[in-house]
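Every number for a ligand or one of its atoms is a count from 1 in the order of the listing. Remember, it's a predicted structure, so these values are computed and weren't measured experimentally. Numbers for residues simply follow the sequence, beginning at 1. Just so it is clear, the values below take in all heavy atoms, side chains as well, and ignore hydrogens, waters and symmetry mates.
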Amino acid sequence: MSHIAYVNGRYLPQRSATVHIEDRGYQFADGVYEVFLVWNGVPVDYAPHIVRLNRSLSELRMRMPMSPAALTVVMKEVIRRNHMKTGIVYIQVNRGVASRAHPFPNGDIKPSIVVTAKHFAGSSDAMAEQGAKVVTAPDIRWERRDIKSVGLLANVLARQGATEAKAYEAILVTADGTVTEASASNAWIITADKTIVTHPTTNAILGGVTRATVKDLAKQAGYTVQERPFTLEEAKNAKEVFLTGTTTFVMPVAQIDDKPVGNGTGGLIALDLRRRYRRYIDTLDAATAWNV
Ligand code: PDD
């Protein structure tokens, strides 16, 4: 069965879905995206993903080619046509099609939009119990990492390094030794006094939607959460390290490069947060989950 994509107003089998060769997303990475989790037919944190999409667009002076209500209809239709119960919806909006030139095109060109869906059962519980291995990579990205831009080459290179090292993720480290986040997830540590620490939402990281939810769940559970930069050295010596993201959920980290962290297995607090996140997505209110 072919996957169905929504491309600029049409639902098409993915194998015959195409974009224009002068689309600025293709030529300049002049586009933004979102990845949504749909869990048992219910979107997870739909509203904050839409808020972030709109923010990414406005920071780049781009506009949505359709209303929020129309986008919701399209997403539901892509999910329905792909018979997807649990998985990922990907949305990409590019500035549009114009003869190649660096400045924004003259006139009001229509942004391009693509929506796809694919089955994804969630990050591995078995890996979470064991704790994932991560590697480190220098954070060589631009200074607007808060924008969910499709310009992801630095992330791709870091993640490829992880894959070649048989690791789950690559955490990104700036020249001064600060851990910003990971190639496609946010990074956290838990200190000896059980304080849960993650980088503040500055331009240096993507403000993860899962990050915000896990922060709330941790606070509700009575943990102390602190938003401050932390170093690779601190992470290597932390009680626990974990990652969060739409496809990651909460993933305990047991090894950074060649060094075991914590007790060398999935940390107990991170596993507790993973269970709490799982309970949160299992009990979302289907009636209001699509509200923005
Ligand atoms: N990535 N940081 C980066 C650089 C990311 O690309 C992502 C998400 C996150 C986590 O954000 P959220 O919790 O909103 O998913 C943090 C998506 C999943 C991706 O690129 O596939």
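With sequence neighbours left out, D108 forms a salt bridge (Lys or Arg N to Asp or Glu O under 4.0 Å) with R63. Taking R228 as the reference, E234 meet the salt bridge (Lys or Arg N to Asp or Glu O under 4.0 Å) condition, with sequence neighbours excluded. Judged as a side chain to side chain donor-acceptor pair (under 3.5 Å), and not counting sequence neighbours, the contacts of D257 are T136.
A salt bridge is defined here as a Lys NZ or Arg NE, NH1 or NH2 lying under 4.0 Å from an Asp or Glu carboxylate O, and R274 with D125 meets this definition. A salt bridge links R159 to E169: one of the charged nitrogens lies within less than 4.0 Å of a carboxylate oxygen. Under 4.0 Å is where a charged nitrogen must lie from a carboxylate oxygen, and between E227 and R211 at least one such pair does.
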N/O contact list for ligand 1, threshold under 3.5 Å:
from, atom 1, to, atom 2, distance (Å)
ligand 1, 1 (N), K148, NZ, 3.3
ligand 1, 1 (N), A184, O, 3.4
ligand 1, 2 (N), E181, OE1, 2.6
ligand 1, 13 (O), V209, N, 3.4
ligand 1, 13 (O), T210, N, 2.9
ligand 1, 13 (O), T210, OG1, 2.6
ligand 1, 14 (O), R52, NH1, 2.8
ligand 1, 14 (O), R52, NH2, 2.9
ligand 1, 14 (O), V209, N, 2.8
ligand 1, 15 (O), T246, N, 2.9
ligand 1, 15 (O), T246, OG1, 2.5
ligand 1, 20 (O), Y33, OH, 2.6

